[in-house]
Amino acid sequence: MTGHAPARGVTDSFPSVAAFVAAERPESPVHLLRPRRLEALARDFVAGFPGDTLYAVKCNAHPLVLWTMHRAGIRHFDVASPMEIARVVECVPDGTMFYHHPAKTPGQIRLAWECGVRFFAVDCVPELEKVAALTDATMRPVVRLAIPKGSGAVYDLSTKFGAVPDVFEATLRRAAQMGLKPAVTFHVGSQCLDPAAFRLGIEMACASLDRTGIAIDWMDVGGGFPAYYRLTQAPPLSAYFEVIAQAHHELTAPRGIRLACEPGRALMAEGGSLLVRINLRKPDAVYLNDGIFGGLTETYWGKDQLSLPFRLLDAQGRLKNGPAGSFAAFGPTCDGNDKLPWPLDLPQDAAEGDYIEFNLIGAYGREMAARYNGMHSDRVAVIDADFAGHQAEEIV
Ligand SMILES: *Cc1c(COP(=O)(O)O)cnc(C)c1O
């Protein structure tokens with residue numbers, strides 16, 4: 001099967017990256033989306049996870065991404081801002097939203113409520129009381145538990161959000177006292193390399209439920225499922241699903257708790273790539289048209305943990321595969337820090353006007369790009385062909 005109907009609002013659809021490069025030779029960076037791959041990945045995830053899969057909109061809020069998630073069967077969305085809420089309302093009117101930001105303004109809460117949001121994350125009593133005061137008894141507080149540091153994730157999210165067990169239990173008790181039906185969530189941290197972190201979260205949540213005697217019907221084990229970058233050493237997603245299913249069976253199933261999760265990265269990373277141009281070649285360095293202040297921001301934070309697979313194309317879109325050398329890679333701004341954290345092994349004949357396609361950047365690529373030095377590209381093109389992760393070839 002080749003091709004798909006062009007998505008609404010996205011007119012630029014190309015059979016392959018080669019065709020796109022040959023047609024346009026873009027001088028600005030381009031975010032490439034592969035809806036076919038995205039849909040397949042999302043379907044696999046939804047089928048494998050032992051509960052409901054929410055999509056964490058922050059990792060890529062492009063309308064085509066939301067439509068594709070919907071096509072893959074996803075009906076629940078984790079949102080954290082008015083913009084993300086508006087995007088879901090517009091693109092997925094039958095979606096259920098979970099406002100999983102634990103520090104909200106009154107205006108944000110009112111707007112979310114008016115847009116039909118009923119699930120609101122809270123990680124302390126004051127936030128719970130704030131949301132409760134602006135909503136009614138049908139509001140579902142989702143109390144967020146912090147997972148101890150060092151539980152296996154590249155990014156620790158519990159230093160910022162999530163309640164320690166005492167506060168978690170106090171917040172659950174207060175919710176019950178107010179006549180609300182609390183649910184529970186946690187986030188083990190993004191790019192979590194150890195499935196056991198999810199079991200730990202479920203165990204901790206269940207221990208708190210035991211201590212408080214509060215019954216819940218919904219537990220969201222968060223995101224954090226990994227994508228498989230060049231140096232990632234993590235078990236396959238199926239191992240995560242097994243650990244979670246086992247913990248659910250042993251610990252939460254007897255209580256009738258429905259499981260959910262809210263991945264971003266694992267659903268989205270392989271669905272998008274970034275096409276950058278070599279603007280200048282020096283003997284052992286390349287100057288690119290995008291860098292750590294643009295679509296490659298996350299590589300700065302993730303360093304080797306987020307080492308992206310890439311390939312070199314010439315200006316006609318043909319793959320260049322010659323003997324490789326190591327090149328420092330600089331971004332386009334005048335900032336001395338604008339350098340990729342890892343050198344690129346590129347064919348020695350890499351030249352100005354060639355393109356590098358970085359793969360696995362569908363999550364946290366376009367969304368994190370700043371406007372430093374007046375440099376920003378929001379150009380998105382749709383590629384029908386697939387891109388096989390680490391292998392530098394296209395499957396059509
Ligand atoms: C960012 C975020 C996610 C998604 O995390 P991934 O590591 O991309 O799976 C899910 N839930 C919340 C609350 C988040 O902040």
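All of these numbers come straight from a predicted model, not from anything done at the bench. In listed order, ligands and their atoms are each counted from 1.
Using a 3.5 Å distance cut-off with no hydrogens or angles, the side chains of Glu39 and Thr68 do not pair a donor with an acceptor. Side-chain atoms of Tyr55 and Asp78 include no donor-acceptor pair closer than 3.5 Å.
A salt bridge does not link Glu298 to Arg366: none of the charged side-chain nitrogens sits closer than 4.0 Å to a carboxylate oxygen. Salt-bridge check for Arg75 with Asp94: passed, with a basic side-chain N closer than 4.0 Å to an acidic carboxylate O.
When each atom of ligand 1 is checked for a heavy atom of Gly264 under 4.0 Å away, the hits are 4 (C), 6 (P), 8 (O), 9 (O). Close contacts between ligand 1 and Pro263 involve ligand atoms 9 (O) [criterion: under 4.0 Å to a heavy atom]. Within the listing of ligand 1, atoms 10 (C), 11 (N), 12 (C), 13 (C) sit less than 4.0 angstrom from a heavy atom of Asp78. Those atoms of ligand 1 that come under 4.0 Å of a heavy atom in Ser190, given as number and element, are 6 (P), 7 (O), 8 (O). If you number the atoms of ligand 1 from 1 as listed, the ones under 4.0 Å from a heavy atom of Gly224 come out as 5 (O), 6 (P), 7 (O), 9 (O). Within the listing of ligand 1, atoms 1 (C), 4 (C), 5 (O), 6 (P), 8 (O) sit less than 4.0 angstrom from a heavy atom of Tyr364.
When atom types are taken as modelled, the side chain of Gln108 and the backbone of Thr105 share a donor-acceptor pair closer than 3.5 angstrom.
Counting side-chain heavy-atom gaps under 4.5 Å among Ile, Leu, Val, Met, Phe, Trp and Tyr, the cluster of Trp218 also holds Leu54, Phe98, Phe119, Val142.
Here His101 has no heavy atoms under 4.0 Å from ligand 1, in either its backbone or its side chain. Residue contacts with ligand 1 for Thr185 are absent, since no atom lies close enough (heavy atoms, distance under 4.0 Å). Heavy atoms of Ala56 found under 4.0 angstrom from ligand 1 belong exclusively to the side chain.
The shell of residues lying under 4.0 angstrom from ligand 1, judged by heavy atoms, excludes Gly222. The closest approach between a heavy atom of Phe161 and any atom of ligand 1 is not below 4.0 Å.
For the side-chain hydrogen bond (donor to acceptor under 3.5 Å, both in side chains) condition, the pairs that include at least one residue of residues 343-356, sequence neighbours left out, are Lys320-Asp354.
With His100, Arg265, Arg144, His187 as candidates, the residue nearest to atom 5 (O) of ligand 1 on a non-hydrogen basis is His187.
Cluster membership check: Tyr364 does not share its hydrophobic cluster with Met69, using side-chain heavy-atom separations under 4.5 Å among Ile, Leu, Val, Met, Phe, Trp and Tyr.
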